[in-house]
*Asks:* 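Submitted below is the structure of interest, expressed as structure tokens.
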Amino acid sequence: MQASNHLIKGNLEFEISKRRDLRCFGKVKERKSTLNPNLCIRRASIRSDLRSGAVSMGAELSRATDGVESVVRSSIKSRSVKAQASGDIEDLAPFNPREKFTGSVLPFVGVACLGAILFGYHLGVVNGALDYLSKDLGIAQNAVMQGMYRWVVSTLLAAAAVGSFTGGALADKFGRTRTFQLDAIPLIIGALLTAIARDVQTMIIGRLLAGIGIGITSAVVPLYISEISPTEIRGALGSVNQLFICIGILAALVAGLPLAGNPGWWRAMFGLAVVPSILLALGMTYSPESPRWLFQQGKISEAEKSIEALYGKERVTEVMYELSNAGQGSTEPEAGWVDLFSCRYRKVVSVGAALFLFQQFAGINAVVYYSTAVFHSAGIASDVAASALVGASNVFGTVIASSLMDKQGRKNLLITSFAGMGASMLLLSVSFSWKVLGPYSGMLAVVGTVLYVLSFSLGAGPVPALLLPEIFASRIRAKAVALSLGTHWISNFVIGLYFLSVVDKFGIGAVYMVFATVCSVAVLYIGGAVVETKGRSLEEIELALNPTS
């Protein structure tokens with residue numbers, strides 16, 4: 001097996017060497033290489049020798065390959081050590097050229113985003129339907145059942161935490177596309193149970209299964225998109241995940257519009273989630289598996305077919321060389337959960353957990369939960385209008401973030417986002433706490449809420465799920481993303497369960513001031529601990545942060 005891998009790698013290196021020879025003579029345009037310029041002259045001489053003597057071809061080819069490999073490895077290793085020592089990867093110059101993007105990957109990203117739509121839809125569907133299903137299931141009329149009211153909401157979040165951990169293990173074992181197909185089972189059954197529920201116990205079981213389903217998708221969707229996206233637009237495609245989550249929430253809002261005239265419509269709202277679940281399973285049947293996962297499993301020929309389906313036949317050699325050069329597959333065994341906390345990976349895994357902790361404890365869900373009361377204080381009595389304004393701000397900001405992700409970079413957007421969230425939280429806190437601003441408190445609260453949601457959607461919302469698959473090494477990527485998303489769901493669950501109790505005890509102004517402080521701490525942490533990844537392939541990032549030797 002190792003001999004076969006060495007032969008494949010040698011062939012790939014020779015193909016790349018021939019391509020670079022052409023570039024050295026101006027036949028192919030590319031950006032400036034970091035290799036020794038004398039290497040081009042050396043390769044040209046070797047190729048001349050190959051033409052002149054058929055008898056010595058094998059020996060010359062062997063020496064040429066060894067020479068190129070030695071120079072390449074030396075160059076990459078030195079830059080990797082430098083980048084790791086500095087804590088950033090700016091010094092790692094791009095190693096392979098980027099062909100022009102053809103758009104063939106977009107349909108497969110779209111299929112994966114059905115999982116993101118389900119994520120948002122299941123989060124939002126209960127908000128409009130809760131009062132109607134409570135009356136229908138006898139929760140509102142029964143004092144004993146009042147305690148179950150909160151669990152109908154929070155069960156989804158608790159189950160999603162379990163699902164996110166499960167998603168990482170499944171993605172490593174069965175692959176990304178097969179995990180999507182398996183995930184459709186709890187998503188479909190959960191949606192059907194909630195739609196036909198005649199008692200609160202059935203409703204909770206349905207929400208439990210749906211929660212496991214969206215927990216799995218929350219981990220696998222950004223993982224799959226990051227692994228199949230071309231480097232030059234990976235940021236834009238990665239942020240599409242957050243955009244479709246917002247679209248899913250808005251879809252749930254729109255689905256609830258007939259409730260006023262038809263109280264039983266809540267069942268159809270929950271049942272509608274079956275449709276994208278089935279489409280997700282069917283779509284993944286025709287979607288290519290992640291070439292990085294296939295290569296890691298030693299399935300070389302299947303990885304080549306996947307690359308061809310995603311980027312075109314002309315990029316197969318280049319991408320396979322990147323995968324080979326990153327030292328994946330046969331060089332190291334698959335990581336276990338304990339490996340995430342080893343000295344080698346502890347720092348980068350802690351960044352993933354910290355980003356989601358900051359995201360949640362900076363107050364996003366608290367703002368959403370309390371937005372209706374905020375808008376009521378400003379004279380906006382319609383819950384639908386308040387939710388629509390918040391949702392529209394979220395979608396608008398995410399669209400802007402998608403266009404900036406590959407230009408401004410992930411780190412800059414994160415810092416700008418948390419700084420804007422902190423300023424907005426300060427405005428909200430002041431509007432509720434300073435009596436002198438009483439006549440303007442409603443207007444200030446609305447402005448602060450909209451600016452907060454807009455700031456969140458520019459970075460804190462889309463960037464963590466995009467950045468983490470980029471900075472995690474291939475052998476820990478699925479499990480590390482799952483661990484980070486587990487932190488997200490647990491934090492979400494805790495805030496949803498205790499936020500109103502804390503507000504009753506300390507007041508909303510004081511709580512918002514704490515959120516503003518968290519945002520300030522997040523800015524300092526991101527500035528010192530988060531690396532910039534724009535314009536780098538996953539293999540280049542891995543070499544910089546986790547050099548193999």
*Asks:* Could you check whether atom OH of Y525 has more than 12 heavy atoms from other residues, nucleotides or ligands sitting under 6.0 Å from it?
*Replies:* yes
*Asks:* Establish, yes or no, whether the cationic atom of R292 lies under 6.0 Å from the six-membered ring centre of F295 and within 45° of the ring axis.
*Replies:* no
*Asks:* Would you say the side chain of V348 lies within less than 4.5 Å of the side chain of V531, judging by non-hydrogen atoms?
*Replies:* no
*Asks:* Determine yes or no for a side-chain-to-main-chain donor-acceptor pair under 3.5 angstrom, with R176 supplying the side chain and Y224 the backbone.
*Replies:* no
*Asks:* Quick check: do V351 and L355 have side-chain heavy atoms less than 4.5 Å from each other?
*Replies:* yes
*Asks:* Hey, is the main chain of A401 close enough, under 3.5 Å, to the side chain of S239 for a donor-acceptor pair?
*Replies:* no
*Asks:* Rounded at 0.5 Å granularity, tell me how far CD1 in I233 sits from CG in L237.
*Replies:* 4.0 Å
*Asks:* For R267, does the CZ atom have more than 12 heavy-atom neighbours from other residues, nucleotides or ligands under 6.0 Å away?
*Replies:* yes
*Asks:* What's the shortest heavy-atom distance between W293 and D172, and which atoms?
*Replies:* NE1-O, 3.0 Å
*Asks:* Is there a side-chain contact between R477 and E227 in this structure, where contact means two heavy atoms from C-beta onward sitting under 4.5 Å apart?
*Replies:* yes
*Asks:* Taking S306 for its side chain and E302 for its backbone only, find out whether a donor-acceptor pair lies under 3.5 Å.
*Replies:* no
*Asks:* What side-chain donor-acceptor pairs closer than 3.5 Å can you find for residues 356-364, not counting sequence neighbours?
*Replies:*
| unit_1 | atom_1 | unit_2 | atom_2 | d |
| --- | --- | --- | --- | --- |
| Q359 | OE1 | H488 | ND1 | 3.2 |
| Q359 | NE2 | A460 | O | 2.8 |
| Q360 | OE1 | N365 | ND2 | 2.5 |
| Q360 | NE2 | H488 | ND1 | 3.1 |

*Asks:* Can you confirm whether the side chains of D199 and T202 place a donor and an acceptor under 3.5 Å from each other?
*Replies:* yes
*Asks:* Apply side-chain contact (heavy atoms from CB on, under 4.5 Å) to residues K173 and L170 and explain how you reach the verdict.
*Replies:* CA-CA 5 Å; K173 184 174 181 61; L170 290 175; 5.9 Å; no
*Asks:* Can you give me every donor-acceptor pair (side chain of residues 108-126, partner residue at least two apart or in another chain, under 3.5 Å) with its distance?
*Replies:*
| unit_1 | atom_1 | unit_2 | atom_2 | d |
| --- | --- | --- | --- | --- |
| Y121 | OH | M269 | O | 2.5 |

*Asks:* Taking NZ in K305 as the centre, count heavy atoms belonging to other residues, nucleotides or ligands within less than 6.0 Å. Is the count above 12?
*Replies:* no
*Asks:* Rounded to the nearest 0.5 Å, what separation is found between the CD1 atom of I189 and the CD1 atom of I205?
*Replies:* 12.0 Å
*Asks:* Is there a donor-acceptor contact under 3.5 Å from the side chain of S429 to the main chain of L426?
*Replies:* no
*Asks:* Measure the spacing between CD1 of I185 and CD1 of I216 and express it to the nearest 0.5 Å.
*Replies:* 9.5 Å
*Asks:* Counting only N and O atoms by type, is there a donor-acceptor contact under 3.5 Å from the side chain of D406 to the main-chain atoms of A236?
*Replies:* yes
*Asks:* If you look at every heavy atom in T487 and S491, which pair is closest and at what distance?
*Replies:* O-OG, 2.7 Å
*Asks:* To check you understand the geometry: which heavy-atom pair defines the closest contact between V395 and C246, and what is its length?
*Replies:* CG2-CB, 3.6 Å
*Asks:* Test salt bridge (Lys or Arg N to Asp or Glu O under 4.0 Å) on R315 and E308; report intermediate values, then the result.
*Replies:* CA-CA 7 Å; R315 295 192 67 174; E308 183 176 348; over 6 Å; no
*Asks:* Which pairs count as side-chain hydrogen bond (donor to acceptor under 3.5 Å, both in side chains) when at least one residue sits in residues 454-471, sequence neighbours excluded?
*Replies:* R234-E470, R410-E470, E470-T533
*Asks:* Let me confirm one number: the CE-CG distance from M284 to D183, rounded to the nearest 0.5 Å.
*Replies:* 10.5 Å
*Asks:* What heavy-atom pair brings Y452 and M421 nearest, and what distance separates the two atoms?
*Replies:* OH-CE, 3.3 Å
*Asks:* Looking at CG of N412 and CG of L458, how far apart are the two atoms once the value is rounded to the nearest 0.5 Å?
*Replies:* 12.5 Å
*Asks:* Taking the side chain as every heavy atom from C-beta outward, state whether V240 and P462 have any pair of such atoms under 4.5 Å apart.
*Replies:* no
*Asks:* Assess the residue pair T398 and N394 against the criterion (side-chain contact (heavy atoms from CB on, under 4.5 Å)); give the C-alpha distance rounded to whole Å, side-chain angles, the decisive distance to 0.1 Å, and a yes or no.
*Replies:* CA-CA 6 Å; T398 305; N394 204 354; 3.8 Å; yes
*Asks:* Would W265 and Y132 count as a side-chain contact (heavy atoms from CB on, under 4.5 Å) if you check the C-alpha gap in whole Å, the side-chain angles of each, and the deciding distance to 0.1 Å?
*Replies:* CA-CA 9 Å; W265 177 253; Y132 297 92; over 6 Å; no
*Asks:* L310 versus P291: any side-chain heavy-atom pair under 4.5 Å?
*Replies:* yes
*Asks:* Kindly indicate whether the side chain of L257, heavy atoms from C-beta on, has any atom under 4.5 Å from the side chain of V254.
*Replies:* yes
*Asks:* I need the minimum non-hydrogen distance between T194 and W266, along with the two atoms involved.
*Replies:* O-CZ3, 3.4 Å
*Asks:* Quick one: list whatever passes side chain to side chain donor-acceptor pair (under 3.5 Å) with T177, sequence neighbours left out.
*Replies:* E289
*Asks:* So which atom in L209 and which in P186 form the shortest heavy-atom distance, rounded to 0.1 Å?
*Replies:* O-CB, 3.5 Å
*Asks:* Within the distance-only criterion (no hydrogens, no angle test), does the side chain of S417 pair as donor or acceptor with the backbone N or O of L414 below 3.5 angstrom?
*Replies:* no
*Asks:* Short question: side chain of K411, backbone of V530 - any donor-acceptor pair under 3.5 Å?
*Replies:* yes
*Asks:* So, does T217 use its side chain to make a donor-acceptor pair with the main chain of I214 at under 3.5 Å?
*Replies:* yes
*Asks:* Taking C-beta and beyond as the side chain, do R207 and F270 meet within less than 4.5 Å on heavy atoms?
*Replies:* yes
*Asks:* Look up atom CG in L193 and atom CD1 in I188, then write down how far apart they are to the nearest 0.5 Å.
*Replies:* 12.0 Å
*Asks:* For S424, give me all partners under side chain to side chain donor-acceptor pair (under 3.5 Å), at least two apart in sequence or on another chain.
*Replies:* none
*Asks:* Restricting to side chain to side chain donor-acceptor pair (under 3.5 Å), what partner residues turn up for S484, sequence neighbours left out?
*Replies:* none
